[in-house]
Every structure is written in C-alpha cells, then in structure tokens.
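See below for the structure under consideration.
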Amino acid sequence: MGLIEKQVAAELAEWPGFRSRGLGAEKICENLVRPPKDDMGDLAFATFKPAKEAGKPPAQLALELVAGRDTASISKRLRKVEDDAPDVPSPRAALVVAVGTAGPYVNIRLNRAAVSALLLKEIEKQGQAYGNSKAGKGRTLVVDLSSPNIAKPLAVHHLRSTMIGYSIKKIRESQGWRVVGVNHLGDWGTGFGKLIAGLKKYFPEVEQRAKAGDEQPLGNMSVQTLNETYSRFNNESKGDDDLADAGRSEFALLEQHIEALVKGEQTAAGAVNFRIWQHTREISLAEFERMYAHLGLSFHLWPVVDLQLKKVLTEESETFYRQHCLYVGESYYVTAEDLCRRIIVDAVENKVAEESEGAIVIYTHGKDKPPLMLVKNDGATSYHVRDLAAAIYRHRHWQASELTYVVGGEQKWHFEQLFKALDMLGHQWARGCSHTEFGLMLFQQADGKWAKTSTRRGTAIMLEDLLDEAIKSVREIMAAKNPELASTPEGEAVAHAVGVGAVVFNDLKAGRRNNVKFDWDAVLDFEGESGPYMLYQYVRMGSVTEKYREAYGEPDFAAGDAARLNLDEEWRILKLLADFPDAVAKASDEYEPSVVAQHLIKLASATSTWWVATRDSRIVGDDRDLSLARVRLVNAIRTTLGKGLTLLGMSPVDRM
RNA sequence: GCGCCCGUAGCUCAGUGGAUAGAGCAGCUGCCUUCUAAGCAGCCGGUCGCAGGUUCGAUUCCUGCCGGGCGCGCCA
C-alpha cells in the first residue's frame with residue numbers, strides 16, 4: 001500500500017467508529033480497496049473480513065463505522081465530513097473529506113488538494129528515484145537472460161528472453177537488489193561437433209587455416225553461413241552413421257582439448273577444432289553485440305580480463321553490474337573450478353546419481369519420470385551438468401539469494417528437474433531458484449495454423465529485420481508528421497528509439513506466459529496501446545514544459561499551488577501516479593514487467609485525455625498560477641512515465 | 001497416455017474471492033486557426049470454454065470434462 005493509503009488508514013483509525021471496534025491502521029490498510037468507478041469514491045473500506053470477526057452483517061458494520069460522521073439517513077451518496085470535527089485529533093487528518101456507505105463498503109472521498117500537494121512534492125523530491133524501494137537491499141539476484149546459441153542468428157523469439165530479463169533486472173534494481181545479468185551462451189554441446197565436421201567437409205580451407213595456426217580460420221564467414229552449414233550437415237548425417245560418428249568425434253576432440261588446456265596441455269587434433277570453435281564464438285558475439293546495442297544492453301565476457309573494466313568491477317561493482325551484463329558461456333563451466341566433474345563425482349558418491357542404460361542419471365521425480373541426465377552413454381556431459389554447475393557457481397560467486405531463469409515455458413520440466421537435483425545434492429538454496437517462463441513466439445504458416453519456428457529450418461524472422469522494419473516505419477511516419485525533425489541527425493536517433501521501443505513495448509505489454517502470435521501488422525501498428533503512444537505522451541509533456549519555460553521562465557515547483565488542480569482528469573492522473581510504486585513492487589515480486597507496462601498504459605491514456613480536456617484552457621495558458629500548478633503535474637507525469645519506460649528497457653525521447 | 005501452460009468482446013489482451021467484467025485493434029459517428037491528431041469523445045460488441053463443488057459472495061479457489069499450445073533419457 002502506498003503513501004496515501006497509509007495516511008488514510010492512520011486517519012480512519014482515529015475515528016470513534018473504527019477505534020471503538022479495535023480497527024487499527026494496519027487492519028484498515030489491509031481492507032482498503034479501489035472502488036471500480038471513480039464516482040463511487042477514491043478509496044473504500046471493505047467490511048467483509050472485520051464484519052465476519054465481529055459476527056455481524058457487513059452492511060451493518062459499514063453503517064456503524066461512519067455513524068459518528070453522518071447522523072442523517074445514510075444513502076449511497078458520499079457525505080461531507082466536518083473539517084473541525086472534535087474527534088479528529090491528528091493535525092494531518094485532512095485527507096478524508098467525505099464518507100458514505102454502499103452496502104458493505106465505506107466509500108471515502110479524499111481531499112484532492114492535500115493529496116496532490118503531498119504526492120507532487122514526493123515525486124519532485126524523488127525524481128527518477130520515484131517508484132524505488134529498499135525491499136531487496138543487501139540481496140543479490142542473478143538473472144539468466146537472452147542466452148542464444150552461437151553459430152545461429154538472433155531471431156525474433158530471442159527478444160522475449162532478452163527484454164523480459166533486462167526489464168526484470170531494471171525493476172529488481174529499483175527495489176534495491178543487486179542484480180547480475182548473465183547471458184548463458186549456448187557455446188557447448190555435441191552440436192558443435194556437427195558444425196566443425198560440416199565446416200571441414202564443405203569448407204576444407206577452414207581446416208587448412210586452422211591447422212596452420214590461423215586464429216581466424218573462418219575468415220569473414222557470416223553467422224548465417226555457419227547456421228546453414230550446421231543444418232546441411234545435420235540433415236545429411238540423419239541416416240548416415242558415418243557422418244553422425246564424425247560429428248560426435250569432432251566434439252570429443254574439442255572436449256578433450258579444453259580439458260587438457262586446464263592442465264596446461266595441448267592436443268594437436270583438438271587445437272584445430274578449438275580454433276574453429278573459438279572463431280565461431282567470436283563471429284557470433286560480434287553479431288550479437290550489434291543487436292544488443294540496438295536494444296540498449298551491454299555484455300562483457302566473464303571472467304572480465306579488460307584491465308579498465310576489471311578496475312570498475314573491483315572498485316565500483318554495484319555500478320558495474322547495473323550497467324553491464326555478462327556473457328558466461330556454457331563452456332566456461334567445463335573448465336571453471338572443475339565444477340562439472342566434481343558434480344558428477346559428488347552425485348555418484350552420494351548415491352544421488354546412478355547408472356542407467358550406459359548413462360549417469362539422477363531420478364529427480366521418481367523412477368517413472370524421465371531422469372535428469374548427467375553423462376550420456378557416449379561419455380559426453382549433458383547440458384544438465386553445465387546448468388547445475390552454473391547454478392552452483394552463480395550462488396557461490398555472487399552470494400546470490402535468488403536465481404531466476406528467463407527461459408521459454410517449453411523448458412519448464414528441465415528447470416523443475418534442475419532445482420530438485422540441486423536440492424538432492426544438498427543445496428538448500430535451490431528454493432530461491434525460479435523459472436521465469438514465457439510463452440512461445442508463434443508464426444502463422446501457409447495452412448493458417450500457428451506454430452513455433454526454428455532458425456535451423458530457416459523459418460524464423462530475424463530480429464535485425466524486425467528492428468530495421470520498425471525503424472523504417474517510424475521514419476516514414478515521422479517524415480509525414482514532423483518533417484523538420486525527420487531530416488536531422490536527432491531525427492534518426494529518435495526513429496531508432498521509437499522503432500525499437502515499439503517492438504520492445506509490444507513484447508512486454510502482455511503477461512509473459514501468453515504465447516505471442518507474431519503479426520507484422522500488430523507490431524508495426526503505432527496507434528493505441530503501443531510503444532510510440534507511450535513515448536508520444538512523454539513527448540507532449542516535454543513540449544508543454546518547454547512552452548512554459550518560454551512564457552514564464554524556469555518553473556518554480558515550490559511556488560505551484562496543487563489546489564489549482566481541480567479537474568477530474570487531473571485527479572485521475574494523480575491517483576495513477578500514486579499507484580506507480582505499488583505497480584513496480586508487484587512487477588518485481590512476480591517477475592512480471594507487464595504489470596509496469598499496463599500501469600503506464602493507464603497513465604498515458606489518462607494523460608492524453610487530460611491533454612484534450614484542456615484544449616480550451618490550455619495546460620500552459622494566460623493564468624500563470626494555474627499553468628504553474630499544471631506544469632508541476634506535467635513534470636510528475638514525465639518523471640513517472642520516463643521512469644516506467646526505463647524500467648521496461650526503453651529510451652524516452654524529447655521529440656518525435 | 002502422463003505432466004505443464006493457456007481458454008474473458010469479431011481479433012489481441014487487462015482484471016483474479018467482492019460493488020454494473022475493462023482497454024486497444026477492427027467497424028460506425030463526431031472532433032485539428034491553438035501546447036505534436038502517433039491524439040480525444042461517443043456508438044457497436046460479453047451465457048468470463050462447459051458442468052459440478054466450496055463460499056454470505058466465484059470470471060477469480062477445488063474437481064471433472066472440452067478446446068488450443070508445449071514437454072515427455074542421450075539437442076540445448
């Protein structure tokens with residue numbers, strides 16, 4: 001409950017009706033609800049629970065509670081409370097101005113001037129910190145986000161994990177948490193054996209260069225080509241045992257080599273594969289970087305080796321983790337602290353794991369459910385081991401009290417197994433692990449049915465194409481609506497921010513569990529509940545502030561009289577501003593950015609309604625005092641909207 | 001077959017024990033000499049998948065069923 005509710009509850013607790021029934025501020029606060037319609041009141045005290053405890057009908061209790069306030073016959077109309085009522089001793093008891101009952105509810109009307117003054121002052125004081133809390137102070141969350149596979153391009157569906165994760169990171173940070181964003185790169189596994197075998201088969205020069213010691217044996221090969229090479233080899237190796245074996249042995253060589261490296265040794269055959277693999281990773285990261293830069297994310301390879309960055313990390317680690325996320329490839333755990341091997345040995349020695357059909361597995365959910373596989377029957381470790389290692393590493397290294405994985409819902413079973421296995425291995429902290437699952441990105445096929453797509457099969461839409469297309473659409477609209485801005489460098493930056501913002505907002509506005517039916521028309525629709533609409537309201541607030549400056553100079557908020565804000569449209573906005581911190585807290589608790597997005601939609605919509613409602617009187621008009629009061633509201637909207645958009649990973653713009 | 005997620009207006013989604021279930025899009029009607037109309041107002045549109053149960057009260061919780069999606073040992 002926010003600032004206003006707390007004060008209202010404290011005030012009501014002083015009323016004889018509440019006090020004599022033992023209803024203290026806390027109890028009142030618990031039962032304060034929002035009336036469904038604005039004209040019913042600003043807040044309501046629901047009497048259901050207290051009435052049950054008192055053993056009387058709710059409607060009767062409601063009448064009794066306000067009895068001292070309204071001796072006339074009680075109707076559904078709200079009745080004015082006497083300001084000088086003798087039984088209201090608290091000096092700040094000025095928030096509630098009218099009460100009335102409607103059946104089981106005590107409806108409350110608030111003193112708009114008092115609430116407005118209180119709230120505007122608060123937002124002006126807090127600025128960009130408005131909505132922050134200290135709920136997670138001293139605690140660390142590690143969030144697993146994006147996590148694409150190397151040698152594959154970033155497709156539209158990667159946007160979900162990336163932006164949901166990034167937004168959660170921002171939101172948690174606002175609640176006082178230290179958040180470490182980890183990009184768990186898919187850079188290990190038998191698939192890379194197939195890729196290497198394919199490269200050797202179709203591009204013999206790659207192997208030649210690698211043998212010669214060239215650190216960049218792939219030349220300027222694109223990620224697209226790497227992906228196609230994998231697909232081609234994978235298809236050909238189906239039903240061709242020799243090729244399939246070749247793929248497996250190439251990976252075995254790679255794995256042996258990286259294990260030897262830990263001991264400071266080298267293997268000749270493995271070194272070739274290692275060079276190819278490393279260059280594959282470099283090429284992929286270079287492409288990922290470009291996408292992440294578009295989206296406003298920054299990643300660094302872990303462990304950090306760059307001296308400058310290392311300095312920031314040790315001296316200002318809070319800042320470092322706020323500004324940067326990390327790439328920690330799966331391959332890291334093959335070598336780091338020998339974790340993978342130790343996990344397997346541990347699990348076997350403690351009889352948590354057992355042998356089955358030539359593999360080493362853990363039955364996490366009983367023998368009749370598929371087990372979690374540690375080692376495959378060909379001796380290669382499975383990704384489960386690396387996930388166990390990653391979890392242990394994250395908990396240990398960052399003293400994380402919570403780990404969450406922003407990964408599609410189709411992997412739910414994997415994470416249930418993973419967390420259970422951690423628990424079985426004696427890691428009680430596994431209870432702080434969660435899977436922030438999200439729905440699939442579905443695409444309409446020729447037969448009209450919706451299905452998920454695959455980069456391997458080439459049916460996916462590339463993230464870059466989507467972003468480019470969105471930015472292009474924005475440019476076109478801007479050229480028509482704001483031509484003088486469109487042709488400037490600032491205009492290009494704005495087109496970028498608005499286009500990317502449109503895509504991001506579109507992805508975050510609905511609950512994350514919903515499947516997303518990808519639809520070009522919907523993504524590129526910049527009207528209604530869209531990113532550009534949010535930014536547009538923000539821009540309007542900026543330009544009207546500018547107009548005030550031109551007319552009256554720099555606004556002195558302290559001199560603005562909040563009591564002048566007496567339009568219903570203004571009151572509606574103020575209530576939404578007051579609720580913003582609760583929305584952020586809820587989004588944080590539930591790992592659900594859409595809670596923030598939905599709140600912003602309401603705020604932006606109320607703002608737009610107000611904008612039009614003041615068409616005649618103007619927000620900034622001839623009445624200087626009224627203009628100043630309104631500019632205070634404008635400032636509060638701008639602050640809150642800007643903060644909310646930032647929490648969603650978007651960049652507010654001043655003009656568009 | 002088993003497990004998980006989802007089912008709310010023509011479409012995409014909010015709401016999740018409480019007052020008359022809300023938005024956007026699409027369709028129709030209005031509104032730009034003014035601070036950006038990427039906007040605003042209005043109309044149209046609902047047996048909250050179906051059937052039971054718990055409750056003073058269920059779209060919300062429980063059970064069963066129906067429909068859609070996803071997953072179900074050696075891909076990650």
Side-chain angles (χ1 to χ4, degrees), chain A residues 33 35-37 40 44 46 48 51-52 57-58 76 102-105 107 147 149 184 186 188-191 194 234 330 356-359 361 365 368-378 380 382-384 386-387 407-414 416 437-440 442 449-452 456 474 477-478 480-482 485 498 502 509-511 513-517 519 521-522 525-537 539-548 550-551 594-595 597-598 601-602 605 608-616 618-621 627 634 655-656:
Chain A
V33 296
K37 290 272 190 290
M40 294 173 177
F48 300 104
K52 190 155 203 169
K76 290 190 178 182
Y105 295 96
N107 285 336
S147 306
N149 293 330
H184 190 66
W188 206 246
T190 44
K194 290 183 190 173
N234 192 37
E330 273 189 83
S356 165
E357 296 173 31
V361 302
H365 292 73
D368 55 339
K369 295 264 167 60
L372 177 141
M373 183 162 303
L374 297 177
V375 183
K376 301 188 271 194
N377 64 12
D378 64 0
S382 90
Y383 76 111
H384 295 97
R386 299 188 289 276
D387 271 2
V407 177
E410 68 269 33
Q411 289 197 49
K412 186 151 188 167
W413 173 242
H414 164 63
E416 274 176 31
E437 64 183 301
F438 55 83
L440 267 60
L442 303 174
K449 285 202 166 189
W450 293 87
K452 75 172 189 172
R456 295 294 196 209
V474 172
I477 294 170
M478 214 157 60
K481 293 180 189 286
N482 198 344
L485 175 64
V498 176
K509 72 177 175 186
R513 283 186 181 80
N514 293 332
N515 285 345
V516 175
K517 292 176 182 166
D519 176 1
D521 291 342
D525 181 1
F526 299 155
E527 291 174 7
E529 298 172 342
S530 67
Y533 175 86
M534 301 296 126
L535 293 167
Y536 186 55
Q537 305 315 323
V539 165
R540 280 173 155 180
M541 295 303 101
S543 59
V544 78
T545 305
E546 201 43 50
K547 188 185 168 191
Y548 181 92
E550 281 165 17
S594 70
V595 173
Q598 290 293 330
I601 287 173
K602 285 189 207 150
S605 163
S608 193
T609 298
W610 178 50
W611 177 276
V612 174
T614 54
R615 177 173 288 189
D616 296 326
R618 320 304 289 168
I619 290 172
V620 172
S627 299
V634 164
R655 300 197 287 162
M656 66 188 270

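The analysis underlying the following values was restricted to heavy atoms, covering all of them including side chains, and did not include hydrogens, waters or symmetry mates. A note on names: the letters A, B, ... follow the listed sequences, proteins ahead of strands, and every chain is numbered from 1.
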Residue whose nearest RNA chain B nucleotide is more 5′ - A:V620 or A:K369:
A:K369
Nearest heavy atom decides the nucleotide; on that basis, is A:H414 or A:G409 closer to the 5' end of RNA chain B?
A:G409
So, OP1 or OP2 of [N]: does either fall under 4.0 Å of a side-chain N or O from [X]?
| X | N | value |
| --- | --- | --- |
| A:Y533 | B:C40 | yes |
| A:S605 | B:G24 | no |
| A:K452 | B:G71 | yes |
| A:T190 | B:A76 | yes |
| A:S543 | B:C35 | no |
| A:R540 | B:A37 | yes |
| A:W610 | B:C40 | no |
| A:K376 | B:A76 | yes |
| A:K509 | B:C13 | no |
| A:K37 | B:G22 | yes |
| A:N514 | B:G7 | no |

Describe the nucleic acid contact of [X] in one word from base, sugar-phosphate, nothing, applying a heavy-atom distance below 4.0 Å.
| X | answer |
| --- | --- |
| A:V612 | sugar-phosphate |
| A:A510 | sugar-phosphate |
| A:P104 | nothing |
| A:D368 | nothing |
| A:G511 | sugar-phosphate |
| A:A44 | base |
| A:G189 | sugar-phosphate |
| A:E416 | nothing |

Kindly indicate whether the side chain of A:K509, heavy atoms from C-beta on, has any atom under 4.5 Å from the side chain of A:S594.
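Contact flag for A:K509/A:S594 side chains = no.
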Please report the distance, rounded to the nearest Å, between [atom1] in [X] and [atom2] in [N].
| X | N | atom1 | atom2 | value |
| --- | --- | --- | --- | --- |
| A:K412 | B:C72 | NZ | P | 15 Å |
| A:W413 | B:G71 | CH2 | P | 15 Å |
| A:W611 | B:G39 | CH2 | P | 14 Å |
| A:M40 | B:A19 | CE | C1' | 5 Å |
| A:R513 | B:U12 | CZ | P | 20 Å |
| A:N234 | B:C75 | CG | P | 10 Å |
| A:R655 | B:C35 | CZ | P | 15 Å |
| A:R615 | B:G30 | CZ | C1' | 12 Å |

Is any side-chain N or O of [X] under 3.5 Å from a base N or O of [N], one able to act as donor and the other as acceptor?
| X | N | result |
| --- | --- | --- |
| A:N377 | B:C74 | yes |
| A:T614 | B:C35 | yes |
| A:S356 | B:G73 | yes |

For RNA chain B, the dot-bracket pattern of Watson-Crick and G-U pairs whose distances stay under 3.5 Å, | for other-strand partners
(((((((..((((....[...)))).(((((.......))))).....(((((..]....))))))))))))....
Taking atom [atom1] in both [N] and [M], compute the distance separating them and give it to the nearest angstrom.
| N | M | atom1 | answer |
| --- | --- | --- | --- |
| B:A19 | B:C13 | C1' | 24 Å |
| B:G30 | B:U16 | P | 38 Å |
| B:G7 | B:C48 | C1' | 10 Å |
| B:C62 | B:G24 | C1' | 34 Å |
| B:A21 | B:G15 | C1' | 8 Å |
| B:C50 | B:C11 | P | 15 Å |
| B:A9 | B:A23 | P | 15 Å |
| B:A14 | B:C61 | P | 15 Å |

Quick one: which of [options] gets closest to the side chain of [X]?
| X | options | answer |
| --- | --- | --- |
| A:Y105 | B:C25, B:C75, B:A19 | B:A19 |
| A:E357 | B:U12, B:A76, B:C74 | B:C74 |
| A:L440 | B:C72, B:G69, B:A19 | B:G69 |
| A:E437 | B:A19, B:C5, B:C74 | B:C5 |
| A:E529 | B:G71, B:G24, B:C35 | B:G24 |
| A:P370 | B:C40, B:C74, B:C72 | B:C72 |

Can you name the nearest heavy-atom pair linking [X] to [Y], along with the distance?
| X | Y | answer |
| --- | --- | --- |
| A:H414 | A:D387 | NE2-OD2, 2.6 Å |
| A:L440 | A:E410 | CD1-OE1, 3.3 Å |
| A:F526 | A:A502 | CE2-CB, 3.5 Å |
| A:M656 | A:P532 | CE-O, 3.6 Å |
| A:E437 | A:K412 | OE2-NZ, 2.9 Å |
| A:I619 | A:W611 | CD1-CE3, 3.9 Å |

Using centres under 5.5 Å plus planes under 30 degrees as the test, is A:F48 stacked with B:G18?
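Base of B:G18: stacked against A:F48.
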Syn or anti for B:C32, with syn set at within 90° of 0?
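The base of B:C32 is oriented syn (glycosidic angle within 90° of 0).
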Walk me through it: do A:H365 and A:W413 pass the test side-chain contact (heavy atoms from CB on, under 4.5 Å)?
CA-CA 10 Å; A:H365 292 73; A:W413 173 242; 3.5 Å; yes
Short question: side chain of A:Q537, backbone of A:S605 - any donor-acceptor pair under 3.5 Å?
no
Close N/O contacts between protein and nucleotides 44-49 of chain B (under 3.5 Å):
none

Only one of A:M541, A:K547, A:R540 passes side-chain contact (heavy atoms from CB on, under 4.5 Å) with A:V634; say which it is.
A:M541
Should the pair A:Y105 and A:F48 be assigned to parallel (<30°), tilted (30 to 60°) or perpendicular (>60°) ring geometry?
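If you compare the ring of A:Y105 with that of A:F48, the planes turn out perpendicular.
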